Amino acid sequence: MKKIFFHNEAIIKRGHPVNFFFVVVKGNANILNSKGNSTLKVLKRGDVYGVLDTLKEKKWKSTVVSDNKSEILIISKDTLVKKIFS
């Protein structure tokens with residue numbers, strides 16, 4: 001499912017359960033440090049985030065926010081597992 005996120009809107013929040021990963025379709029997303037006050041890495045168009053976390057069923061270690069308006073493709077854990085084992 002594609003979803004639009006606006007400037008500084010959280011795509012994922014640190015400590016929340018991992019049940020999907022995502023692909024940046026348009027715009028950018030910022031991975032924040034544990035305090036949420038600085039950017040560790042910028043995800044750009046085509047970047048994928050959270051695949052391994054999704055398979056390990058962990059909680060998110062970082063918060064990721066949209067930088068301006070971004071379009072994000074969200075792919076559920078169930079979809080990922082079905083694709084791997086089909």
Side-chain angles (χ1 to χ4, degrees):
M1 137 180 90
K2 286 185 185 175
K3 186 173 178 186
I4 301 294
F5 291 88
F6 296 96
H7 184 65
N8 283 335
E9 185 177 357
I11 299 167
I12 61 170
K13 293 182 181 178
R14 183 175 191 253
H16 285 215
V18 177
N19 53 17
F20 67 91
F21 70 99
F22 68 87
V23 180
V24 179
V25 177
K26 291 181 185 174
N28 296 322
N30 297 320
I31 302 171
L32 304 180
N33 67 356
S34 61
K35 294 181 181 181
N37 59 6
S38 68
T39 300
L40 296 174
K41 183 177 179 182
V42 176
L43 301 172
K44 299 179 183 202
R45 182 179 179 204
D47 286 345
V48 178
Y49 186 80
V51 174
L52 293 179
D53 293 318
T54 302
L55 293 172
K56 292 179 180 180
E57 296 185 45
K58 293 183 175 182
K59 293 184 178 184
W60 291 114
K61 294 180 182 177
S62 299
T63 295
V64 180
V65 298
S66 177
D67 183 16
N68 295 314
K69 184 178 177 183
S70 300
E71 185 176 340
I72 305 297
L73 176 62
I74 296 172
I75 302 164
S76 71
K77 177 183 176 179
D78 292 340
T79 300
L80 176 61
V81 171
K82 285 178 186 175
K83 292 292 182 185
I84 291 172
F85 294 109
S86 65

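From a predicted model like this one, the values you see are computed outputs, not experimental measurements.
Side-chain contact check for V25 versus R45: every heavy-atom pair is 4.5 Å or farther apart. Residues I31 and L43 meet the side-chain proximity criterion, which asks for heavy atoms closer than 4.5 Å. No side-chain heavy atom of K44 sits less than 4.5 Å from a side-chain heavy atom of V24.
Listed here is the closest heavy atom pair of Y49 and F21: O-CB, 3.2 Å. The heavy-atom pair separating T63 from R14 by the smallest distance is OG1-N, 3.0 Å. In plain terms, the two heavy atoms of F22 and V64 that are nearest each other are CZ-CG1, 3.8 Å. Contact detail for L32 and G36: the closest heavy-atom pair is CD1-O, 3.8 Å. I11 and V65 make their closest contact through CD1-C, 4.1 Å (heavy atoms, listed as atom of the first residue, atom of the second, distance). Shown here for W60 and K13, the closest heavy-atom pair between the two residues is CB-O, 3.6 Å.
Separation of atoms CD1 (I72) and CD (E9) is listed at 10.0 Å; rounding is to 0.5 Å. Note that CG of N30 is 10.0 Å distant from CG of L40, once rounded to the nearest 0.5 Å. Distance check: I84 CD1 to L55 CG gives 5.0 Å after rounding to the nearest 0.5 Å. K59 contributes atom NZ, which lies 9.0 Å from atom NE2 of H16 (distance to the nearest 0.5 angstrom). Between atom OG of residue S76 and atom CG of residue N19 there is a gap of 8.0 Å, rounded to the nearest 0.5 Å. Atom CE in M1 sits 9.0 Å away from atom CG in L73 (nearest 0.5 Å).
Linking Ile, Leu, Val, Met, Phe, Trp and Tyr residues whenever their side-chain heavy atoms come within less than 4.5 Å places V51 and V81 in a single cluster. Put simply, F85 and F20 are part of two different groups of oily side chains (I, L, V, M, F, W, Y) that touch within less than 4.5 Å, one to the next. No single ILVMFWY cluster, assembled from side-chain heavy atoms under 4.5 Å apart, contains both I12 and L80.
S66 contributes a side-chain N or O that, together with a main-chain N or O of N68, makes up a donor-acceptor pair within less than 3.5 Å.
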